[in-house]
Amino acid sequence: MNNLKVILLIVISFLTIEKSNAQKMDVESSIEELLAKMTLFEKIGQMNQVNGRNPTDKLPGQIRSGEIGSMLNIGSPELVNSLQKNAKEESRLGIPLLIARDVIHGFKTMFPIPLGQAASFNPEMVELGARIAAKEASEKGIRWTFAPMMDISRDARWGRIAESFGEDTYLAEIMAVAMVKGFQGKDLSNPSSIAACAKHFVAYGAAEGGRDYNSTYVPERQLRNVYLPPFEKAIREANCATVMTSFNANNGIPASGNEFLLKNVLRKEWGFDGIVVSDWGSIKEMVQMGFCEDDKEAALKGVNGGVDVEMTSGTYLAYIETLIAEGKLQQKTIDDAVRNVLRLKFKLGLFDNPYTDIKAKSSIYSPEHLQAAKQAAEESFVLLKNKNNTLPLSNKIKTVAIIGPMADAPHDQMGTWTFDGEKAMTQTPLQALRKQYGKEVKFIYEQGLAFSRDTLKVNFSKAIDAAKQADVVLLFVGEEAILSGEAHCLAEINLKGAQSELLEALSKTGTPMVTLVMAGRPLTIDKEIKLSDAVLYLWHPGTMGGPAVADILFGKSVPSGKLPVTFPKYVGQIPVYYNHDRVGRPAHKKETLIKDIPLEAKQSSLGASSYYLDAGFDALFDFGYGLSYTTFEYSNLVLSADSLSSSDVLTVTVDLKNTGKYQATEILQLYTADLAGSIARPIKELKDFKRINLKPGETQKVTFKLPMERLAFWNIDNKKIVEPGKFNLMVGGNSNEVVTKEFIVRQ
Ligand code: BGC
């Protein structure tokens, strides 16, 4: 770059900063001007969010009076416009409404569930998916989504694991930032941008027993090391506009009344100036939890706790005025909350134009959107087994039996949180296979079971006959959408109904069998994996799941997804996650299992290590695991230095070779292990990853730049620092198979 260019860049960035500072000051002075005119009732109105699902005749009047600041679940853009007119043109101060909706993994064009998206390890794709969702949703007047959910989830019984980015903090950080950027776009005031919401603040995924809404007991240090980082990144790096408090009480304190987290951590430490919204009814639920005597105290603890907007339970509207009159609440607390709400309304440009252009050309289900959803689905699939290269299907295959309850389940393949996706627009594997390959291949379709929980075996014989006639069986099993998601937890995470029996019966035919699993969580499918020749995990893949599956099966594209969460063999192993702390007596892989214990064995004859007699130690599949149609070889791991200071950047190179026959993408994962710290440390932690596409036989030197500050953690003194000492650095295609080198961080 020549000098002139550099000077020009400096001037441009200076002017941009100046402009954004000036805009900020403009917004702040507009807020103050408006606030000065507002009555207490109008202020409380801004803190009141109501459900618009079944609007009554009273609604326009309530809006005109200033009683409502935001709404969720309004059915149509026409209604949004008419309610905005009540707010903007017919209320005393003309404050527009904020219209919200749960747009979680797509609006109309459904993308894979977030857990599936995380399996792509592709933040660009995640950002694009959110951008598309924002475009489609904003066409209907929605300018605020309650996503992304960034709860770390180490328990597959918890139904909301489907909505998460899995068990790893670093992966969740990257995906959360990408999704926020996608929703919010470059500029919130663009009509196609929607405000994102970092949820659920915090530790909701640690619900005891994996039962939704249940208590959590996460100590502050673990909160800071494991659960808080995605929120901090979403706010600091992606300017996430809003945060939602969670339903759980952590260490006895409900999230919606947790002053320490909402005020000290979120506002003071992170400088958050957006909206904190409660979860649905979670202010009032503090009464049910025994944290408040009645609704009035719930309002008091909610406002004083730091929740600006109450979602649906109305205690703010009912009690704030009295609480102020009684001197229990300060006017300033209310003003601060209202400032946060108005700030977002200004940033979204709603004061200038709160209306939606209903006549504008729609982008919903556009070819670009469908193509992106297809690619996202492809990239989310994880190949778990591929004995004798059963996949991709060879062109010698003439007859294929398509069997199972999930082969043609357009509703269920969209997964949880599908408020707006339409089953009629969803392309299933059965449809896509017939359409794309129906000329060359004969497909015989036998459902076998009508739905995933079906126990009626009357159609097994037809399915078995189909399998016998075919060169290969494609068996689609899994979970219906309703079996995962909010409140949909399971004590057993196996294949429901008679699916496992169907699989077993088909395996006995001797026809090679590819099992394809559509599910919202990891399932305990050890037995089913053993009985199948190949297994492809599809999660709930969304609108374009069918065409994506068809292309992968026939080798037009190659699987590249990796597991964002450990798969247990047995439910009793939960919680099982790769980055657990070291223990004093780790399992050493030679443990005696129950079947091998001699009769009357002596108490200590089995040794003493951390494993289950009946399940051993290992998971079914490790975090980061996923096969390809090709194979990759890692070699020549080189570190730029073996001793560094905590402010250095380590350059890591590794040679990656495609040793197989297909051009394909590998997701390289870089882990570090802090060998000794002021507290016991995880056995390894993901610190970086890269997607690299290679032709057969090609080798590439892949470079990672690892800033040592990424090794920082909240230590014994509750300070975030990089502690000096020995570290291992590992690179590999999953968390278990890695090449390793050691380095030292100096004092
Ligand atoms: C969920 C939130 C969601 C809200 C609004 C709650 O039940 O926990 O994640 O955003 O409902 O629909």
Side-chain angles (χ1 to χ4, degrees), residues 48-55 68-75 97-107 113-115 130 133-134 137 140 142-153 158-165 172 176 179-180 183 194-207 210-216 227 230-231 234 240-250 254-256 274-286 288-289 302 307-314 344 415-421 481-482 484-489 520:
N48 183 32
Q49 179 171 108
V50 301
N51 181 19
R53 190 164 289 136
N54 299 308
I68 296 168
S70 52
M71 297 188 67
L72 73 163
N73 299 334
I74 298 184
L97 292 168
L98 244 178
I99 306 296
R101 179 86 162 156
D102 290 280
V103 180
I104 309 292
H105 54 109
F107 180 63
I113 53 168
L115 191 59
K140 301 290 176 197
I142 295 155
R143 295 299 303 281
W144 183 12
T145 177
F146 298 129
M149 182 182 115
M150 49 195 76
D151 302 319
I152 300 302
S153 178
W158 190 50
R160 296 196 90 164
I161 195 172
E163 244 184 284
S164 81
F165 299 122
M179 218 179 238
V180 171
F183 285 133
I194 64 177
C197 184
K199 75 184 188 186
H200 304 84
F201 197 72
V202 64
Y204 182 41
R211 274 194 309 285
D212 212 354
Y213 317 125
N214 209 357
S215 319
T216 59
Y227 293 89
F231 290 89
C240 187
T242 73
V243 167
M244 183 188 291
T245 55
S246 50
F247 283 124
N248 58 303
N250 189 46
S256 299
I275 296 176
V276 174
V277 60
S278 78
D279 202 342
W280 182 291
S282 70
I283 298 287
K284 201 180 169 84
E285 283 173 22
M286 292 196 289
Q288 177 72 22
M289 289 166 109
V307 178
D308 304 321
V309 172
E310 180 183 18
M311 189 191 288
T312 68
S313 49
L344 182 57
T416 186
W417 280 122
T418 301
F419 278 174
D420 301 282
I482 194 66
S484 62
E486 184 176 348
H488 302 155
C489 304

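Just follow the structure's listing: the first ligand is 1, and inside any ligand the first atom is 1. The model shown is predicted, which means the values in this text are computed figures rather than measured ones.
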Engineer: Output all residues satisfying salt bridge (Lys or Arg N to Asp or Glu O under 4.0 Å) with Arg160, sequence neighbours left out; order by chain, then residue number.
Structural biologist: Glu163, Glu486
Engineer: Less than 4.0 angstrom from a charged side-chain N to a carboxylate O is my criterion; do Asp420 and Arg101 meet it?
Structural biologist: yes
Engineer: Partners of Ala196 by side chain to side chain contact (heavy atoms under 4.5 Å, CB included), sequence neighbours excluded?
Structural biologist: Pro148, Val180, Phe183, Gln184, Cys240
Engineer: For Ser215, check side chain to side chain contact (heavy atoms under 4.5 Å, CB included) against everything at least two apart and list the hits.
Structural biologist: Tyr217
Engineer: Taking only heavy atoms of the protein into account, state which residues are under 4.0 angstrom from an atom of ligand 1, in chain and number order.
Structural biologist: Leu72, Asp102, Phe146, Arg160, Lys199, His200, Met244, Phe247, Asp279, Trp280, Met311, Trp417, Glu486
Engineer: Any donor-acceptor pair under 3.5 Å linking the side-chain atoms of Thr242 with those of Trp144?
Structural biologist: yes
Engineer: Any chance the side chains of Asn250 and Tyr204 put a donor and an acceptor closer than 3.5 Å?
Structural biologist: no
